[in-house]
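Side chains included, hydrogens not; waters and symmetry mates left out as well; all remaining heavy atoms used.
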Amino acid sequence: MSVLEIRDLHVTVETENGTTPILNGVTLTLRTGETHAIMGPNGSGKSTLAYTIAGHPKYTVTSGSITLDGEDVLEMTVDERARAGLFLAMQYPVEIPGVTVTNFLRTAKTAIDGEAPAIRSWTKDVKGAMSNLRMDSTFAARNVNEGFSGGEKKRHEILQLELLKPKIAVLDETDSGLDVDALKIVSEGVNRAKEQTDLGVLLITHYTRILRYIRPDFVHVVVKGRIVEEGGPELADRLEEEGYDRFLEAGTPVDA
């Protein structure tokens, strides 16, 4: 079992108005086999948490810690975090002109495992994963995310998840921009990866619709960079009915 531990995490970002605090003391423990949903209104710090875990240079950790199996994640480079077993599915996947999906996936797999996968078994794995995600086989020869629709980009993120087999996956609003059919396919991919590898999932979302397909073990509500309430799946159901007004009315304003 692997454990991702976040302790009293404080993070800032530089803006036109100077240094702005975004996370103000987040504490969270995620184990493999668990699914944690992070929910909250816009600007509450959810995506900042995701990118801080992944090592985005835009964000500065001013205090607190992130460890994976006792190892200091904050001392790792981005590629070291990936090799350690952390994976980020981005809300807005970037295009990589000149790099095909096939080359990208095999290069990433080689970098993480330390050796190139056997061609025959790797080709079979890629074709199988693409078929499960209803991705046309011609996508393998296309440049990464270039000309992809929003749904195709999100399926490609989950394709990476299934093939790279991380310990902990952070999914940053993977449901955004997906229609019902694509949402089901993407959710099935996440559930499949979890069943096959005992994956730990940190699922960031505004809405509960994806939680109908990826059932969380724990739900954390983030407002103004803090976890203000925690519970089980029933908390997500309550948020569906009530929204976030009760947290805002309690005097906890949301950052812009």
If I take atom [atom1] from residue [X] and atom [atom2] from residue [Y], how far apart are they, to the nearest 0.5 angstrom?
X      : Y      : atom1 : atom2 : answer
Ile22  : Leu9   : CD1   : CG    : 12.0 Å
Leu23  : Thr52  : CG    : OG1   : 5.5 Å
Tyr244 : His206 : OH    : NE2   : 7.5 Å
His56  : Met90  : NE2   : CE    : 9.0 Å
Ile66  : Leu49  : CD1   : CG    : 7.0 Å

Ion pair Arg155/Glu162, N-O distance below 4.0 Å: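 Judged by the 4.0 Å cut-off on N to carboxylate O distance, Arg155 and Glu162 do not form a salt bridge.
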Give a yes-or-no answer on whether the side chains of [X] and [Y] include a donor-acceptor pair shorter than 3.5 Å.
X      : Y      : result
Thr19  : Glu14  : yes
Lys154 : Ser176 : yes
Thr15  : Thr20  : yes
Asp136 : Thr138 : yes
Ser47  : Asp172 : yes
Lys194 : Thr35  : yes
Arg212 : Ser187 : no

Aromatic plane relationship, Phe148 with His156 - under 30° parallel, 30 to 60° tilted, over 60° perpendicular: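 Rings of His156 and Phe148: perpendicular, over 60°.
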Asp72/Thr67 under side chain to side chain donor-acceptor pair (under 3.5 Å): CA gap, chis, key distance, verdict: CA-CA 5 Å; Asp72 188 353; Thr67 61; over 6 Å; no
Single hit among Asp175, Ile214, Leu178 for side chain to side chain contact (heavy atoms under 4.5 Å, CB included) with Val186: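 Only one of Asp175, Ile214, Leu178 forms a side chain to side chain contact (heavy atoms under 4.5 Å, CB included) with Val186, namely Leu178.
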Determine whether a donor-acceptor pair (N or O, by modelled atom type, separation under 3.5 Å) exists between the side chain of [X] and the backbone of [Y].
X      : Y      : value
Asn24  : Lys224 : yes
Thr107 : Asn103 : yes
Lys46  : Pro41  : yes

Single-linkage hydrophobic cluster Val180~Leu171, side-chain heavy atoms < 4.5 angstrom: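 Same cluster.
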Lys184 NZ: over 12 foreign heavy atoms closer than 6.0 Å: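 No, because the 6.0 Å sphere around NZ of Lys184 holds 12 heavy atoms or fewer from other groups.
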Over 12 foreign heavy atoms within 6.0 Å of CD, Gln196: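 Atom CD in Gln196 is crowded, with more than 12 foreign heavy atoms closer than 6.0 Å.
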